[in-house]
Peer 1: 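Dropping a structure here in structure tokens format, bear with me for questions.
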Amino acid sequence: TVNGLTIVAPPTASASNTGPYLVGQTIALSASGGTNYNWNGPNSFTSTVQNPSITNALATMSGIYTVSVSNGVCATTATTNVIVTGVDPCTQIVDYQLVKSGNPYQ
């Protein structure tokens, strides 16, 4: 405090994710450096949680996620690139069907 004026340094923001992800997995975003967080990303994603998760990832969720980090007075931003590709190995992609033919069925 100088002459009644308080000088506050801006926060040092960081953002990250645990990807790359396969379709169907859970995207885990992480931010640090402040006390308030405001996330924005693809598909109109928004969150005010410091470390949000997005379940059932789709390829359309890939892209740049930006977080605004505030310390109550000053704010700054950080970004992280989320990559969603491929197919979740636990997802069934072939549907087997029984075809009945002959008399009796073979």
Side-chain angles (χ1 to χ4, degrees):
T1 303
V2 177
N3 295 329
L5 178 64
T6 301
I7 300 171
V8 178
T12 302
S14 69
S16 63
N17 70 87
T18 58
Y21 304 96
L22 294 175
V23 169
Q25 291 184 317
T26 298
I27 297 170
L29 301 171
S30 179
S32 63
T35 55
N36 299 307
Y37 300 87
N38 188 12
W39 285 93
N40 291 294
N43 288 337
S44 302
F45 173 79
T46 61
S47 177
T48 56
V49 175
Q50 180 179 357
N51 301 312
S53 295
I54 308 167
T55 58
N56 298 318
L58 300 172
T60 56
M61 295 174 179
S62 293
I64 302 296
Y65 287 74
T66 302
V67 61
S68 175
V69 178
S70 168
N71 61 8
V73 178
C74 299
T76 190
T77 60
T79 62
T80 185
N81 186 22
V82 170
I83 299 170
V84 181
T85 61
V87 176
D88 184 346
C90 296
T91 301
Q92 180 180 347
I93 56 175
V94 176
D95 184 18
Y96 294 101
Q97 297 181 4
L98 175 63
V99 177
K100 298 177 183 177
S101 65
N103 187 10
Y105 298 133
Q106 298 176 356

Peer 1: Is any side-chain heavy atom of V82 less than 4.5 Å from a side-chain heavy atom of L29?
Peer 2: yes
Peer 1: With side chains defined as the heavy atoms from C-beta onward, is the minimum distance between I54 and W39 less than 4.5 Å?
Peer 2: no
Peer 1: Are V67 and I64 connected, step by step, through hydrophobic side chains (Ile, Leu, Val, Met, Phe, Trp, Tyr) whose heavy atoms are closer than 4.5 Å?
Peer 2: no
Peer 1: Looking at V84 and S62, what are the two nearest heavy atoms and their distance?
Peer 2: N-OG, 2.8 Å
Peer 1: Run the numbers on N71 and T35 for side-chain hydrogen bond (donor to acceptor under 3.5 Å, both in side chains), then give the verdict.
Peer 2: CA-CA 5 Å; N71 61 8; T35 55; over 6 Å; no
Peer 1: Say you draw a straight line from CD of Q25 to CG of N56; how long is it, rounded to the nearest 0.5 Å?
Peer 2: 11.0 Å
Peer 1: How close do N81 and N17 get, heavy atom to heavy atom, and via which atoms?
Peer 2: O-ND2, 3.0 Å
Peer 1: Give me the atom names and distance for the closest heavy-atom approach of P42 to M61.
Peer 2: CG-O, 3.9 Å
Peer 1: Would a 4.5 Å heavy-atom cut-off, applied to side chains only, mark S70 and P11 as touching?
Peer 2: no
Peer 1: If you measure from OH on Y37 to OG on S30, what distance do you get to the nearest 0.5 Å?
Peer 2: 8.5 Å
Peer 1: Determine the minimum heavy-atom distance between L58 and V23, stating which atoms define it.
Peer 2: CD2-CG1, 4.5 Å
Peer 1: Please check if I27 and I83 belong to a single hydrophobic cluster, counting links between Ile, Leu, Val, Met, Phe, Trp and Tyr side chain heavy atoms closer than 4.5 Å.
Peer 2: no
Peer 1: I'd like to know if the side chain of N51 reaches the main chain of A31, judged simply by a donor and an acceptor atom lying under 3.5 Å from each other, with no hydrogens or angles considered.
Peer 2: yes
